[in-house]
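What you see is a predicted model; the values in this text were computed from it and never measured. Naming: A, B, ... by sequence-line order, numbering from 1 per chain.
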There are 2 protein chains.
Amino acid sequence: MMGKLTAQGIAERALEIGDTEGLDAVTIRRLATDLGVTPMALYWHYKNKEQLIVGMADHLIGGFAPEPADERPWQARLRALTEGLIRTLRVHPCAKDVLEQIDPVAVPSFLAVWDQALGLARQAGFGVEESCLITKYLLQSAIAIADAPVHGAAEPDRAERVRLKRVGLQSLPTDRYPHLVEMAGPLVEGTDPALYDTFGVDLVLSGIEALAARR
Amino acid sequence: MMGKLTAQGIAERALEIGDTEGLDAVTIRRLATDLGVTPMALYWHYKNKEQLIVGMADHLIGGFAPEPADERPWQARLRALTEGLIRTLRVHPCAKDVLEQIDPVAVPSFLAVWDQALGLARQAGFGVEESCLITKYLLQSAIAIADAPVHGAAEPDRAERVRLKRVGLQSLPTDRYPHLVEMAGPLVEGTDPALYDTFGVDLVLSGIEALAARR
DNA sequence: ACCTGAACACCGTTCAAGT
DNA sequence: ACCTGAACACCGTTCAAGT
């Protein structure tokens, strides 16, 4: 019809669907009807659905260009990298689901971030094997932190679902699950987003710094 | 036929399929034929597929009974809890995939572990909100660590897939991804399982202890 | 190069019916 | 209580064919 069908455009529409209706709603056939095209048309641009999701992931992280090397210490640069990645992922609610379904090694824009993290880990004095572990761990944590329960989210039935979960926790036997019952509110409500982020990043980086200082 | 069909037995068979052929192979229809029964028979024992996966998760973690309170300091007890959970999850290769697809709050055996972690976090001096964040983070990390690339895994084509991934990384432009190219081997091969575990747990607990000491 | 039509082999789930 | 039969509304993907 109007705009030409392109791999880029397909990925963008897929992300819109995934963000608003969940990744399960991103279906080849649904996507095709949305784009005013036959399902098989998508197979010209992506080999299969897995590659489509890789395309979504690449478009997702593509918005984040790690800053060039500067003169700050590795701790500060690692923190900046982590916070930047979190901010980028936070834009798309379905980011975590997308990244879970594929091998990150297949996503070019992810490789750029990973390479930078590896360099900083080496700079911190970690060996090759340790740097691999640390960066995998760091990136995975960033993805998890980005997936925070957004406080004032868009979904209309969210308040009701949260209430149900809280009631569910509160009605547990107090003797077996004393802390869950007591903290049911904060557990399901989520916390102040700002606290959530800084606290999460602090936790990861503190761990890395502690290990770095131990050698 | 022989044994009676039971929710427990269904979950066990589902875990077997998931462990050997991947969670995608766990399908209502496939599971039914495996059990010598009609697909709709499963709907009497589980409301829908989501509840089936919850059943798998519960059976998974059910094997792990957190130890009762003793007199060790909270650091040691939190470490024991984490390592125990990791050992339990490691038994089932599909554990991570299973836990990703559902809300952990719906899994009774998971709640027991979570409650214990919450108690230890409070004991460490963290407030309510912080304890919620810390335990979510800790349990999530344990799940990720348990999902380690098992070194001498069962899959026969694993060696070939790993080789392909390494070649893929090594053929990247050296100027843009210097560290990925250099560390391609260790990155895809995975490391010594023992190192992987202790290092991962050390990292998480170091972070938590650092934050605890900061107040 | 880019897209369509028809077909295949699957899904999860409902609903009425059997024992 | 526990399971079956038939049907519905979906999937991803292939393969030949169109322009």
Applying a 3.5 Å limit to both distances, which nucleotide forms a Watson-Crick or G-U wobble pair with C/dT19? D/dA1

Along DNA chain C (nearest heavy atom to each residue), the more 5'-positioned of A/Thr38 and B/Lys47: A/Thr38

Please give, in whole Å, the distance from D/dT13 C1' to A/Gln51 CD? 15 Å

Output the rounded distance in Å from CG (A/Leu42) to P (D/dT14). 14 Å

Minimal non-hydrogen separation, A/Ala184 against A/Leu169, with atom names: CB-CB, 3.9 Å

Within less than 4.0 Å of OP1 or OP2 of D/dC10, is there a side-chain N or O belonging to A/Thr27? no

Both distances below 3.5 Å, Watson-Crick or wobble geometry, any strand: find the nucleotide opposite C/dG12. D/dC8

Working to the nearest 0.5 Å, report the span between OH of A/Tyr177 and CD of A/Gln170. 16.0 Å

Whether A/Arg87 side chain and A/Thr82 backbone form a donor-acceptor pair below 3.5 Å: no

When every non-hydrogen atom of A/Leu187 is compared with those of B/Cys132, the smallest separation belongs to CD2-SG, 3.4 Å

Using the closest heavy atom to pick a nucleotide of DNA chain D for each, name whichever of A/Met40 or A/Arg30 lands nearer the 5' end. A/Arg30

For B/His45 and D/dA1, is the shortest distance between a side-chain N/O and OP1 or OP2 below 4.0 Å? no

